[in-house]
Amino acid sequence: MSDYIDVIINNMEIKPRQTLAEEVYLGMRKSIIQGQILAGQRINEKEFSTRAHISRTPIRVALHRLAEEGLVEYVAHIGAVVSQITAKDVEEIFEIRIALDRLATFNAMTNMSPKDYEALNQLLLATEAANAQDDIPTVIRGFEDFNNFIYQASNMPHLVMIVARLRDYLKRLRDVSLSGADRRAKALVEHRHIYELMLEQNRPELGRVLTEHLAYSKTFILEEMAHLSHE
């Protein structure tokens, strides 16, 4: 069975002009945010250094960056320990996402051509078909592709960069929010409604539905977190 060090190493991606400290940081960050490393897990610098065949300096730099983000905390006589994503984190992330999604969708709505709208429709049809077959991984990818399509169509590269920074958080929260069959079905109906309002260029109603859609997702996630904390 793989342990947390294997998980981090598997999530480390080598990219041009990226320092080793950055590589370690991004691997750790992705592993923590996506829930692959559980809250309370100690990250042992010495053991990680030995197993990954790297010095402790980039590991230490990465952990300090994660501590600044609140993803790990330093505990006396123990070291760096993974923190838990809290209800406050969820509240903040969704407040940001509501603002960004509205802005991206309003811009995409006016930028998209008939061909773009048909491509988005086909994506929705494929996701709906996958849900009918209980193909959950494909459904989740379909929701992610729907959101990415709209962000790209917004033609706002700086906005896309901001969202990329939140991508790991959003993936983890999306996986939680789509864990139930009823929620997936409701989310599909909501995405279809969003698409139709974009097609109609109905900005006021689209803004209301987007806000309602994300607020419902936030409530669902907070309820799931509260349920798990009492198990």
Connected-component partners of Tyr117 among ILVMFWY, side-chain separation under 4.5 Å:
Phe106, Met109, Met112, Leu120, Leu123, Leu124, Phe146, Phe149, Ile150, Ile194, Tyr195, Leu197, Met198, Leu199, Leu206, Val209, Leu210

Do you know the tightest heavy-atom contact between Gly207 and Arg102?
O-NH1, 2.9 Å

Under the salt bridge (Lys or Arg N to Asp or Glu O under 4.0 Å) rule, collect the residues that match up with Arg56, sequence neighbours excluded.
Glu45

The reported gap from CD in Glu144 to OG1 in Thr127 (rounded to nearest 0.5 angstrom) is 11.5 Å

Has Asp116 got a side-chain atom pairing as donor or acceptor with Ser113's backbone, closer than 3.5 angstrom?
yes

How many angstroms lie between atom OG1 of Thr219 and atom CD of Glu223, to the nearest 0.5 angstrom?
6.5 Å

Main-chain N/O of Thr86 paired to Asp89 side chain as donor or acceptor, under 3.5 Å
yes

Checking Glu118 now: which residues fulfil side-chain hydrogen bond (donor to acceptor under 3.5 Å, both in side chains) with it, not counting sequence neighbours?
Gln122

When every non-hydrogen atom of Ala21 is compared with those of Ala62, the smallest separation belongs to O-CB, 3.9 Å

Report yes if some heavy atom in the side chain of Asp101 is under 4.5 Å from a heavy atom in the side chain of His213; otherwise report no.
no

Going by heavy atoms in the side chains, are Leu71 and Met28 under 4.5 Å from each other?
no

Checking Asn121 now: which residues fulfil side-chain hydrogen bond (donor to acceptor under 3.5 Å, both in side chains) with it, not counting sequence neighbours?
Arg192

Any Arg97 side-chain heavy atom under 4.5 Å of Leu166 side chain
no

Is Tyr4 close to Asn44 at the side-chain level, that is, under 4.5 Å between some pair of heavy atoms?
yes

dist Glu205:CD -> Glu212:CD (nearest 0.5 Å) comes out at 8.5 Å

Measure the spacing between CD1 of Ile96 and CG of Leu214 and express it to the nearest 0.5 Å.
12.5 Å

Side chain to side chain contact (heavy atoms under 4.5 Å, CB included) partners of Leu103, counting only residues at least two apart
Asn107, Met156, Leu159

Are side-chain heavy atoms of Val139 and Pro137 found at a separation under 4.5 Å?
no

Could you tell me which residues satisfy ring pair (Phe, Tyr, Trp, His ring centres under 6.0 Å) with Phe143, sequence neighbours excluded, listed by chain and number?
His191

Glu23 meets the salt bridge (Lys or Arg N to Asp or Glu O under 4.0 Å) criterion, sequence neighbours left out, with none

Which residues satisfy the side-chain hydrogen bond (donor to acceptor under 3.5 Å, both in side chains) test with Lys218, sequence neighbours excluded?
Glu91

Side chains of Leu188 and Arg184 in contact at under 4.5 Å (non-hydrogen atoms)
no

Would you check, one step at a time, whether the test side chain to side chain contact (heavy atoms under 4.5 Å, CB included) holds for Val82 with Ile43?
CA-CA 7 Å; Val82 175; Ile43 298 181; 4.1 Å; yes

In terms of heavy-atom contacts, Arg141 and Thr138 come closest through NH2-OG1, 3.1 Å

Side chain to side chain contact (heavy atoms under 4.5 Å, CB included) between Asp3 and Arg51, worked out:
CA-CA 11 Å; Asp3 60 16; Arg51 296 264 299 277; 3.0 Å; yes

Heavy atoms of Leu63 and Val72 approach each other most closely as O-CG2, 3.5 Å

If you link I, L, V, M, F, W and Y whenever their side-chain heavy atoms are under 4.5 Å apart, who else ends up in the same group as Ile78?
Val75, Val81

Is Leu100 linked to Tyr216 within one hydrophobic cluster, defined over Ile, Leu, Val, Met, Phe, Trp and Tyr using a side-chain heavy-atom separation of less than 4.5 Å?
no

Do Met12 and Val24 come close enough that some side-chain heavy atom pair is under 4.5 Å?
yes

Does a side-chain heavy-atom distance below 4.5 Å link Ile32 with Glu69?
no

Residues which pass ring pair (Phe, Tyr, Trp, His ring centres under 6.0 Å) with His193, listed by chain and number, not counting sequence neighbours:
none

Which heavy atom in Asn11 sits nearest to a heavy atom in Ser31, and how many Å separate them?
ND2-OG, 2.8 Å

Is there a continuous path of hydrophobic side-chain contacts, each under 4.5 Å between heavy atoms, that joins Leu66 to Ile5?
yes

Which atoms form the tightest heavy-atom contact between Ser154 and Asn111, and what is the distance?
O-ND2, 3.1 Å

Taking only residues two or more places apart in sequence or in another chain, which ones pass side-chain hydrogen bond (donor to acceptor under 3.5 Å, both in side chains) with Glu22?
Arg65

dist Thr57:OG1 -> Leu20:CG (nearest 0.5 Å) comes out at 10.0 Å

Residues pairing under ring-ring contact (aromatic ring centres under 6.0 Å, His included) where one sits in residues 25-67, two or more places apart or in two chains, turn out to be His64-Tyr74

